[in-house]
Amino acid sequence: MLLLWFIKLKKWLLITVGWLATGLGFLGVFLPILPTVPFILLAMLCFSKSSPRFQIWLQNNQYLGSTVTRIKLNQGLTVREKQKILIYSWLSIVTTIVFLLERIELQVLLSIILVIETWFILRYKTCQSTDNASTSSSL
């Protein structure tokens, strides 16, 4: 009985985290300070373990579906997506560091995060643009 309760709790926690990650990923499309790809990857992981229906919905989403599918198939990001991620990240984080943060510790922390994100995106697999990928404005 306890095991059944634990399994249901785990499923609902994964669904909840999946939807929170999906929401943050969608916000990341419009707010450059939030990275879209990591949140959508987290949502895909959560949905793959808890709800195939939500995973299919995410893969077929008109805004993120092509990117999600390429990442799931290990095809990578297009050059255009990488450029957009890096431009938005650098603009938003450097603006935050220069104009909003006074504490040096926070400036250094954000700088480290920016360098790690840049390194990750540049090293992440690049796929060749296709009609589907090049028309995607997901990131």
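This is a predicted model, so every value here is computed, not measured.
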Considering only heavy atoms from C-beta outward, does the side chain of Lys11 approach that of Lys49 to under 4.5 Å?
no
According to a hydrophobic-cluster definition based on side-chain heavy atoms being under 4.5 Å apart (Ile, Leu, Val, Met, Phe, Trp, Tyr only), do Leu106 and Phe99 belong together?
yes
What heavy-atom pair brings Thr78 and Thr126 nearest, and what distance separates the two atoms?
C-CG2, 4.5 Å
Using atom types as modelled and distance alone, determine if a side-chain donor or acceptor of Lys125 lies under 3.5 Å from a backbone N or O of Ile71.
no
How about Ser48 and Gln55: does a side-chain donor come under 3.5 Å of a side-chain acceptor?
no
Are any of the side-chain heavy atoms of Leu122 and Lys82 separated by less than 4.5 Å?
no
Taking only residues two or more places apart in sequence, or in another chain, which ones meet Phe54 in a ring-ring contact (aromatic ring centres under 6.0 Å, His included)?
Trp19, Phe47
Are Thr118 and Trp90 close enough that a side-chain donor and a side-chain acceptor fall under 3.5 Å?
yes
Is Trp12 atom CH2 crowded by more than 12 heavy atoms from other residues, nucleotides or ligands, each under 6.0 Å away?
no
Which residues share a side chain to side chain contact (heavy atoms under 4.5 Å, CB included) with Ile87, sequence neighbours left out:
Leu91
For the residue pair Ile104 and Gln107, establish whether any side-chain heavy-atom pair is separated by less than 4.5 Å.
yes
CD1 on Ile113 to OG on Ser89, rounded to 0.5 Å
11.0 Å
Say you draw a straight line from CG of Leu114 to CD1 of Ile93; how long is it, rounded to the nearest 0.5 Å?
4.5 Å
Do the ring planes of Phe26 and Tyr63 sit parallel (below 30°), tilted (30 to 60°) or perpendicular (above 60°)?
perpendicular
How many angstroms lie between SG in Cys127 and CZ in Arg70, if you round to the nearest 0.5 Å?
4.5 Å
Calculate, to the nearest 0.5 Å, the distance between atoms OG1 and CG belonging to Thr95 and Leu100 respectively.
8.0 Å
Tightest non-hydrogen contact, residues Leu14 and Cys46, listed as O-CB, 3.2 Å
Beyond-backbone contact of Tyr124 with Leu77, side-chain heavy atoms, under 4.5 angstrom
yes
Can you tell me how far the OG1 atom of Thr22 sits from the CD1 atom of Ile15, to the nearest 0.5 Å?
11.5 Å
Would you say that Val68 contacts Asn60 through its side chain, given a criterion of any heavy-atom pair below 4.5 Å between the two side chains?
no
